[in-house]
There are 2 protein chains.
Amino acid sequence: MLQPLVKSLIAAELRVLEEHGISMWSYVVLSALDDSPIRTQAALAEAIGADKTRIISTLDRLQEAGLISREPDPEDRRARLLAITQDGRSARRAAQADIRANEERVLAALSAADRQAFLRAAQALSAMPHEEIVG
Amino acid sequence: MLQPLVKSLIAAELRVLEEHGISMWSYVVLSALDDSPIRTQAALAEAIGADKTRIISTLDRLQEAGLISREPDPEDRRARLLAITQDGRSARRAAQADIRANEERVLAALSAADRQAFLRAAQALSAMPHEEIVG
DNA sequence: TATTGTTATACTCTATAACTATA
DNA sequence: TATAGTTATAGAGTATAACAATA
């Protein structure tokens, strides 16, 4: 039952992101880096549940667009220090605001009570570890 | 927030289905045919939101396993009459029972009130047309 | 020798196009 | 000629393996 709903929400999110000119992976990366900088690409990949080879082109584009910085760590030049730039932060927050606005619009279909309970329940279920859900 | 949850739920469902020896697409097809027989493969494909070329191998396997019947329509031998068999119905219902049992287990993490509200809200949101969610 | 990042390759899933058979 | 089904082909997305740079 939730699957088509999530599919629609993702489609909505993609549409918003397209208006902002960023891809889903770019948005995921920007969101991760908006919380805190990360010292290696492998750590970023793991944090967002992606393969380390899969994010390289995304990082290329983000760097070229000036939305992230990506420099060799002076202390270990194999690693790349990753951080979001001011432009990146602005872009991410603007996109996030639009995404949230749409979600609010959708949630407006619910009564205030159901809506609160839905969000509370979704949060509780999302907090369950993957293994516990899979069993 | 919902996306990882759904991902975990799908993983759980896949694990259950694997124990029953059927694939996700097989389960989707069996579920569609358990409701009512379908006169053409194209109609089935549309009903489950799949491409008509994509379900052929699935139908091959289901037929070989004796879980569905698939015969040329005597009145128009281009079409294939599709129906679930008794074995297919048993397999589908057994899998469904296990899937539901796991979902119950997961939902047990919620209070009775939140759980009811969550299901009610999920149902309401799922009933929204795709276009209204995308905007 | 081990690790980080990158590139090259292969694999899976899906969609598009061409083909066969029926009408 | 049009339609149902099938097969062949191509494309996107992803993961695996090999490689270069640094430690």
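Heavy atoms only: backbone and side chains are in, while hydrogens, waters and symmetry mates are out. Naming convention: chains lettered A, B, ... in sequence-line order (proteins, then strands); numbering from 1 in each chain.
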Please check if any side-chain donor atom of A:Arg80 sits under 3.5 Å from a side-chain acceptor atom of A:Gln41, or the reverse.
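No, because no side-chain N or O of A:Arg80 sits under 3.5 Å from a partner of the opposite role on A:Gln41.
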
Are side-chain N/O atoms of A:Thr53 and A:Asp51 paired as donor and acceptor at under 3.5 Å?
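Side-chain D/A pair, A:Thr53 to A:Asp51: present.
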
Side chain of B:Ala79, heavy atoms from C-beta onward: which of C:dT4, D:dA4, D:dT7 has the nearest atom to it?
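Nearest to the side-chain atoms of B:Ala79, counting from C-beta on, is D:dA4.
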
Closer than 4.0 angstrom, basic N to acidic O: yes or no for B:Asp34 and B:Arg93?
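Looking at B:Asp34 and B:Arg93, the cut-off is met.
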
Salt-bridge test for A:Glu104 and A:Arg115: reply yes if a basic N is under 4.0 Å from a carboxylate O, no otherwise.
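Result for this pair is yes, salt bridge flagged.
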
Value in whole Å for how far the [atom2] atom of [N] lies from [atom1] of [X]:
X: B:Leu59; N: D:dT7; atom1: CG; atom2: C1'; result: 15 Å
X: B:Arg70; N: D:dG5; atom1: CZ; atom2: C1'; result: 9 Å
X: A:Glu71; N: D:dT22; atom1: CD; atom2: P; result: 16 Å
X: B:Arg54; N: D:dG5; atom1: CZ; atom2: C1'; result: 17 Å
X: B:Ile55; N: C:dA15; atom1: CD1; atom2: C1'; result: 14 Å

For residues 35-52 of chain A, which residues have at least one heavy atom under 4.0 Å from DNA chain C?
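Only A:Thr40, A:Gln41, A:Ala42, A:Lys52 qualify.
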
Looking at every non-hydrogen atom in both residues, tell me the closest pair between A:Ser26 and A:Thr58 and how far apart they are.
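Closest heavy-atom pair between A:Ser26 and A:Thr58: OG-CG2, 3.6 Å.
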
Pick out the pairs of N or O atoms, protein on one side and nucleotides 19-23 of chain C on the other, that lie under 3.5 Å.
| from | atom 1 | to | atom 2 | distance (Å) |
| --- | --- | --- | --- | --- |
| C:dA23 | OP1 | B:Arg77 | N | 3.1 |

Selection: residues 17-31 of chain B, any non-hydrogen atom under 4.0 Å of DNA chain D:
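Output list: empty, so none.
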
